[in-house]
Amino acid sequence: MSKLVGYAEAIGHHGELLQGLFEDTGVHFRRALVSLPCRHLKTRASFRAQVGQPVTVSQPHCQKALRAAQMTLGAFGPEGMGGILSVDSNVPIGRGMGSSTADVLASILAVMDCLRIETSAEQVMRIAVGAETACDSTLFRQQAVLFAHREGLVMEAFRKPLPAFDIISVDTMPEATVNTLEFEPARYDAAEVEAFRPLRSLLRTAVNEADPHLLGKVATASAHLNERFLPKPRLDEIEAIGARFGAVGIQVAHSGTVVGLLFDKHDADAPRNIEQAAAMLKRSALEPTIFHS
């Protein structure tokens, strides 16, 4: 039994708090990440079922979302069902903020809503990876996870969600975009791989103890490790401005263009510090955008 129309939404993110190569089961290493969710960035999708028709998408550029809908119907739908997928999003494209994953997840969930079915997060993520090669961890809102984004696997689930941050976002390359499918994955050397071991441990402690300051240190270290692969113009300058006004750290889109200054949501001084930091960024000919968690 299905409804005529299904609806769903999925959020974007502001890059990653940590991304690298991590040991799994003591033998294998997997590429994995922790996305920084941004609830203000959303994709909304609807799917209208049409028996005997192909699956189409109203927005021709949303081909990954179309594949996701087709794959979901192939896995769960009755034979011969097609329909019209519609996608509406405010997630910036080509910035490393999860626009593709938001489109894909919203489309999968809209088809499932239409079919009146539920499945595991793991199954949803497997479809998402199949539709777009790699995906982010934004489906997991209730607890933080270290997510193998090219395999759709949770490497480690933590006891709590991420601490709450307010973010000053700076697009360091507004005239450029990054195509994640064309972006070559980082080739970490032995020293970098070793550096991810203590960062994973610090991440675990920061999440489980709800410590935004410690998590800010993890994010800062990961941002600097990524500079060898996709450097961000004026990163040091942005970081210095954040440090002057109480930011707990800096984070980046590891395969995108944005940089974020992280502020502890529960710090009483954060609103004033954010205002002053944003003003200084503007005086430095940068264009800050503030995201409140």
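Fair warning: this is a prediction, and the values are worked out from it, not measured in the lab.
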Only one of Leu202, Val218, Leu162 passes side-chain contact (heavy atoms from CB on, under 4.5 Å) with Val207, and that residue is Leu162
Review point. Would you find more than 12 non-hydrogen atoms of other residues, nucleotides or ligands less than 6.0 Å from Glu275 atom CD?
Key: no
Q | Asp171 and Arg95 ion-paired at < 4.0 Å | A | yes
Membership question, hydrophobic clusters at under 4.5 Å side-chain separation (ILVMFWY): are Leu235 and Leu261 in the same one? yes
Should the pair Tyr188 and Phe196 be assigned to parallel (<30°), tilted (30 to 60°) or perpendicular (>60°) ring geometry? perpendicular
- State whether the number of non-hydrogen atoms from other residues, nucleotides or ligands found under 6.0 Å of Arg228 atom CZ is greater than 12. yes
Checklist entry - Donor-acceptor pair, His40 side chain versus His292 backbone, under 3.5 Å? => result yes
*Look only at the side chain of Asn208 and the backbone of Arg204, and say whether a donor-acceptor pair between them is shorter than 3.5 Å.*
yes
_Given 3.5 Å as the limit, does a donor-acceptor pair link the side chain of Gln50 with the main chain of Gly82, or not?_
no
Between Arg197 and Glu23, does any side-chain N to carboxylate O distance fall below 4.0 Å? yes
Looking only at heavy atoms, the pair that brings Pro92 and Ser99 closest together is O-CB, 3.5 Å
**Prompt:** Any salt bridge between Glu151 and Arg30, counting N to O under 4.0 Å?
**Reply:** yes
Residues passing the salt bridge (charged side-chain N to carboxylate O under 4.0 Å, His left out) test with Asp166, sequence neighbours excluded, are Lys265
* Does the Asp211 side chain pair with the main chain of His213, one donor and one acceptor, at a distance under 3.5 Å? -> yes
Exercise. Apply ring pair (Phe, Tyr, Trp, His ring centres under 6.0 Å) to Phe22 and Phe29, showing your working.
Key: CA-CA 5 Å; Phe22 302 91; Phe29 284 82; 9.1 Å; no
Q: Determine whether Met112 and Val57 fall in the same hydrophobic cluster, where Ile, Leu, Val, Met, Phe, Trp and Tyr are linked whenever their side-chain heavy atoms lie under 4.5 Å apart.
A: yes
Of Asp136, Thr138, Thr101, the one forming a side-chain hydrogen bond (donor to acceptor under 3.5 Å, both in side chains) with His13 is Asp136
